> 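Before we start, here is the structure in question, set down as structure tokens.
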Amino acid sequence: MTASTHKPLVFIISAPSGSGKSTLVNELLKSVRDLDFSISYTTRAARGNEINGKQYYFISRADFEKMIRDDEFLECAVVFGKDYYGTSRRFLREAEQNGHDLLLDIDVQGAAQIQQKLPDATSIFILPPDRKTLEERLRKRSEDCEEVIERRLIAASCEIQNYDRYNYILINDRLEESSKNLQAIVQTERLQRAGRQLTEEESKTVALADCCRLANVRDRLKRILDSFKPPEASGMG
Ligand code: 5GP
């Protein structure tokens, strides 16, 4: 396949904060070849160890709005009702030229925009095993004050209601297992594109990915969604 005819597979990953998404994304990028990470632009301030051009491009509101006017974004959204975040078209172009696939770490609003524009994109939603675990993780990473943790928990309850818009659901209970499942999803989509007979090993990979398909996780999902309901609602079936 020449670079000019390559149509990148686009993988969208969304998750409530504290789901372990960043760790899983980093592991995936280390273990899978030819997968580019789309570095988003944002108007939020850099946190502790973040470096401009690595996790994000940190830019001013005025610059972000200019990029919107110049139609430089594939999608963009205001996240947590506060800051702009956007995916530059440039990364898709570069993946196309380099014969690579592309990974987007974006919120549910961005995912909906990409699904409109690129209906073949593969979407993956990462979930914590339950609300209590999410709360513990948010406290443990001690990045946020109590008010922000509360806000993130409320945002998580809303975000997870969008789970059924995604092709795959990854319940991040054990990191190592989730990491293998995520790799299997990417490999499965690539195998489908290749469209050839599968080896025994490849069939196992596809089976692993299939376990994460929305239709196959409904029972576990119900328990997770229930754990996010207010106490009076969760007992009502
Ligand atoms: P954080 O500020 O914690 O790094 O990210 C907050 C949220 O913004 C996360 O859910 C993350 O996936 C989302 N996000 C990051 N980059 C983008 C982007 O380019 N577009 C959209 N729509 N959301 C993004």
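Atoms within a ligand are numbered from 1 in the order they appear, just like the ligands themselves. Being a predicted model, the structure only gives us computed values, none of them experimental.
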> Test of understanding: with salt bridge (charged side-chain N to carboxylate O under 4.0 Å, His left out), list the residues that count as partners of D120, not counting sequence neighbours.
K7

> For residues 80-90, which residue pairs qualify under salt bridge (Lys or Arg N to Asp or Glu O under 4.0 Å), counting only residues two or more places apart or in two chains?
D71-R89, R90-E94

> With the threshold set at 4.0 Å, does a side-chain nitrogen-carboxylate oxygen contact exist between D101 and R33?
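Judged by the 4.0 Å cut-off on N to carboxylate O distance, D101 and R33 do not form a salt bridge.
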
> Between K229 and D226, is there a salt bridge with N-O shorter than 4.0 Å?
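Salt bridge: yes.
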
> My understanding is that only residues two or more places apart in sequence, or in another chain, count here; which of them pass side-chain contact (heavy atoms from CB on, under 4.5 Å) with T133?
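Per chain and number, T133 pairs via side-chain contact (heavy atoms from CB on, under 4.5 Å) with P129, D130, R137.
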
> Between Y84 and Y41, does the ring centre distance come in under 6.0 Å?
no

> I'd like the contact residues of ligand 1, where contact means a heavy atom below 4.0 Å.
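Correct list: K21, S40, R44, R47, Y56, E75, A77, V79, F80, Y85, G86, T87, D105, I106, D107, G110.
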
